[in-house]
Amino acid sequence: MAKLELKQINKKFGQVHVLHDIDLEIDDGEFVVFVGPSGCGKSTLLRSIAGLEEITSGDLSINGSVVNKLSPAERGIGMVFQSYALYPHMSVRDNMTFSLRLAGKSKAERNEVAERIGKILELDHLLDRKPKALSGGQRQRVAIGRAIAKEPQVFLFDEPLSNLDAKLRVQMRMEISKLHERLGSTMIYVTHDQVEAMTLADKIVVLNRGHIEQIGAPMELYHNPANLFVAGFIGSPKMNFIPCEVIETLDDGYTVKTESGYQFNVGITQRAFKSGEKITVGIRPEHVQLREEQGLKVKVQFVEELGNESLLYTELDKLDECLIVRMDNSLGHKTKEVSLWFEGKDCYVFDEQGLNCSPRREL
């Protein structure tokens, strides 16, 4: 196991600045997930930790020792890639212990390691099969087993489940979570899928354009996003955003109006707003309710039937993005126009810079 510390990490490819002053501490045995959209720098950051990319400036420490100049092999890193990259002519046993073979370990030693890891990953009955005789999930477990065989200080996962179908992704998320519990190792996991991040992480690092937007536990980020970007990225479906104008200050908050003139109340904020100021109101889909009378009038664009619930995608004030409503499937929604309502206490308020000005919500 290992503790990592990143201080002012920068990475440039020529004139392109990819990572900007990354400061991050990862505790011994922690499961940390880097999440963000394509091109945000999460894989580059992971590869910089692994030593596959040279850090332009800053220091990377593992257990208190700066490792900037060390090769990947010298850092004690075990990495699992998106591609399984297994040797097709080798058995599961030989694939998992190939690094030990290169290190000069005897066949008996290699077999002992393969048997032990096979039991951990429930591959012990498949050790003599070739990769072509395995399912996608089994191949990914072999790739993880190969990393375990090196007995690394840190495990790095670079979008390891993106090639799997939906059912296998769920199964492998459980496998990786159980593996972390068994080994207690420090693990860093990269994904663009925020559901994976919420499911697996002790701590999530949200990246955007090479900057860290927020660091925190999954539910902390969900309930207390730092800004519009985090609020829109963490949560499925994402938070709804409604451009509004403050029109009146109340004892317990503000009255605001949308571009179409609909007025509603929001709660108190951490900073004061004046009449006429532009804000963005955020509301989670599960907090939006249907009202037969007096509500925010919207047009239903699309309905996603999920069995136990439905998601309504609605158009508001010709916004670029839909306003999403999560609702009980039994309510019915054949109409093309509906009225929406939400309580002020459930609303988030973001200022013109996109910062969350709502009071912190207790988990």
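Starting from 1, each residue takes its place in the sequence as its number.
Of the possible donor and acceptor atoms, one in the side chain of Lys42 sits under 3.5 Å from a partner among the backbone N and O of Pro37. Under a 3.5 Å cut-off, the side chain of Ser135 and the backbone N or O of Gln138 do form a donor-acceptor pair. Under the 3.5 Å distance criterion, the side-chain polar atoms of Ser358 are matched with a main-chain donor or acceptor of Val349. Under the 3.5 Å distance criterion, the side-chain polar atoms of Asn356 are left unmatched by any main-chain donor or acceptor of Phe350. Using a distance-only test at 3.5 Å, with no hydrogens or angles considered, no donor-acceptor pair links the side chain of Thr280 to the main chain of Phe241. No side-chain donor-acceptor contact under 3.5 Å links Glu259 to the backbone of Pro243. One N or O on the side chain of Asn240 and one on the backbone of Ile324 form a donor-acceptor pair closer than 3.5 Å. The backbone N or O of Glu25 lies less than 3.5 Å from no partner atom in the side chain of Asp27, so there is not a single donor-acceptor pair.
Of all non-hydrogen atoms in Val195 and Arg173, the two that sit nearest each other are CG1-NH2, 4.1 Å. Between Pro218 and Ala201 the shortest heavy-atom distance is CG-O, 3.5 Å. In terms of heavy-atom proximity, Pro285 sits nearest to Met239 at CD-CA, 4.4 Å. The nearest pair of heavy atoms linking Leu207 to Ile212 is CD2-CG1, 3.7 Å. For Asn63 against Ala2, the heavy-atom pair with the smallest separation is OD1-CA, 3.3 Å. Annotation for Asn224 and Pro359: closest pair OD1-O, 4.3 Å, computed over non-hydrogen atoms.
Hydrophobic clustering (side-chain heavy atoms under 4.5 Å, transitive across Ile, Leu, Val, Met, Phe, Trp, Tyr) groups Ile9 together with Val154. Leu290 and Leu311 end up in different hydrophobic clusters when Ile, Leu, Val, Met, Phe, Trp and Tyr side chains are linked at under 4.5 Å. Hydrophobic clustering, with ILVMFWY side chains joined whenever heavy atoms are under 4.5 angstrom apart, groups Val256 together with Trp341. Taken together through direct or relayed side-chain contacts under 4.5 Å among Ile, Leu, Val, Met, Phe, Trp and Tyr, Leu19 and Leu52 form part of one hydrophobic cluster. Taken together through direct or relayed side-chain contacts under 4.5 Å among Ile, Leu, Val, Met, Phe, Trp and Tyr, Val66 and Leu6 form parts of separate hydrophobic clusters.
Under the side-chain hydrogen bond (donor to acceptor under 3.5 Å, both in side chains) criterion, Glu109 pairs with Ser106, sequence neighbours left out.
Phe264 and Phe342 have perpendicular rings, their planes meeting at more than 60° on a 0 to 90° scale where under 30° would count as parallel. The aromatic rings of Tyr189 and Phe31 sit tilted relative to each other, their planes meeting at an angle between 30° and 60°. The aromatic rings of His89 and Tyr87 stand perpendicular to each other, their planes meeting at an angle above 60°, with 30° marking the opposite boundary.
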Subject >> Step-by-step side chain to side chain contact (heavy atoms under 4.5 Å, CB included) determination, Leu168 to Gln171 >> reply: CA-CA 5 Å; Leu168 273 178; Gln171 180 183 340; 3.7 Å; yes

**OP:** Determine, step by step, whether Ile279 and Tyr254 satisfy the side chain to side chain contact (heavy atoms under 4.5 Å, CB included) criterion, reporting the C-alpha distance in whole Å, the side-chain angles of both residues, the deciding distance to 0.1 Å, and the verdict.
**Re:** CA-CA 11 Å; Ile279 62 171; Tyr254 303 90; over 6 Å; no

Original post:
Do Cys357 and Phe273 pass the side chain to side chain contact (heavy atoms under 4.5 Å, CB included) test, and can you show the C-alpha distance, the side-chain angles, and the key distance before you say yes or no?
Top reply: CA-CA 10 Å; Cys357 299; Phe273 289 95; 3.9 Å; yes

**OP:** Under the side chain to side chain contact (heavy atoms under 4.5 Å, CB included) rule, what do Leu200 and Met187 come out as? Steps first, then yes or no, please.
**Re:** CA-CA 10 Å; Leu200 291 170; Met187 293 185 176; over 6 Å; no

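Side-chain contact check for Met96 versus Val142: some heavy-atom pair is nearer than 4.5 Å. The closest side-chain heavy-atom distance from Glu115 to Arg93 is below 4.5 Å. Proximity of Met198 to Leu221: side-chain heavy atoms (C-beta onward) are nowhere separated by under 4.5 Å. Looking at Ile148 and Phe155, their side chains come closer than 4.5 Å, going by heavy atoms from C-beta outward. For the pair Ile247 and Ser275, the minimum side-chain heavy-atom distance is 4.5 Å or more. Using a 4.5 Å heavy-atom cutoff, the side chains of Arg146 and Phe98 are not in contact. Put simply, the side chain of Ile188 reaches to within 4.5 Å of the side chain of Leu4, judged on heavy atoms. Counting heavy atoms from C-beta outward, Val33 and Glu196 have side chains that stay 4.5 Å or more apart.
Side-chain atoms of Glu343 and His287 include no donor-acceptor pair closer than 3.5 Å. The closest side-chain donor-acceptor pair between Ser48 and Glu53, if any, does not fall under 3.5 angstrom. In the model, Asp158 has a side-chain atom that pairs as donor or acceptor with a side-chain atom of Ser43 under 3.5 Å. Checking Gln263 against Thr255 by side-chain atom types alone, no donor-acceptor pair falls below 3.5 Å. Side chains of Gln214 and Asn227: a donor-acceptor N/O pair is absent below 3.5 angstrom, by distance only.
In Glu112, the CD atom is not crowded: 12 or fewer heavy atoms of neighbouring residues, nucleotides or ligands sit closer than 6.0 Å. Atom NZ of Lys105 has 12 or fewer heavy atoms from other residues, nucleotides or ligands within 6.0 Å. Counting non-hydrogen atoms of neighbouring residues, nucleotides and ligands closer than 6.0 angstrom, the CZ atom of Arg326 exceeds 12 such neighbours. Residue Lys299 places its NZ atom among 12 or fewer non-hydrogen atoms of other residues, nucleotides or ligands, all under 6.0 Å distant.
Among Lys69, Arg75, Glu74, the one residue that satisfies the side chain to side chain donor-acceptor pair (under 3.5 Å) test with Ser71 is Glu74.
Under the 4.0 Å criterion applied to side-chain N and carboxylate O atoms, Glu5 and Lys3 are not assigned as salt-bridge partners. Ionic pairing of Glu54 and Lys11 is not present here: no N-O contact between side-chain nitrogen and carboxylate oxygen is shorter than 4.0 angstrom.
The line from CZ of Arg141 to CD1 of Ile176 is 11.0 Å long, rounded to the nearest 0.5 Å. To the nearest 0.5 Å, the span separating CZ on Phe233 from SG on Cys40 amounts to 7.0 Å. The structure places CG of Leu323 at 6.0 Å from CG of Leu340, a figure rounded to the nearest 0.5 Å. Rounding to the nearest 0.5 Å gives a distance of 11.5 Å between CG of Leu306 and CE of Met327. A distance of 10.5 Å separates NZ in Lys178 from CG in Leu121, rounded to the nearest 0.5 Å. Atom CG of Asp193 and atom OG of Ser162 lie 10.0 Å apart (nearest 0.5 Å).
A cation-pi geometry, defined here as NZ or CZ lying under 6.0 Å from the six-membered ring centre and within 45° of its normal, holds between Arg284 and Tyr222. For the pair Arg361 and Tyr348, the cation-pi test (distance below 6.0 Å, angle within 45°) is passed.
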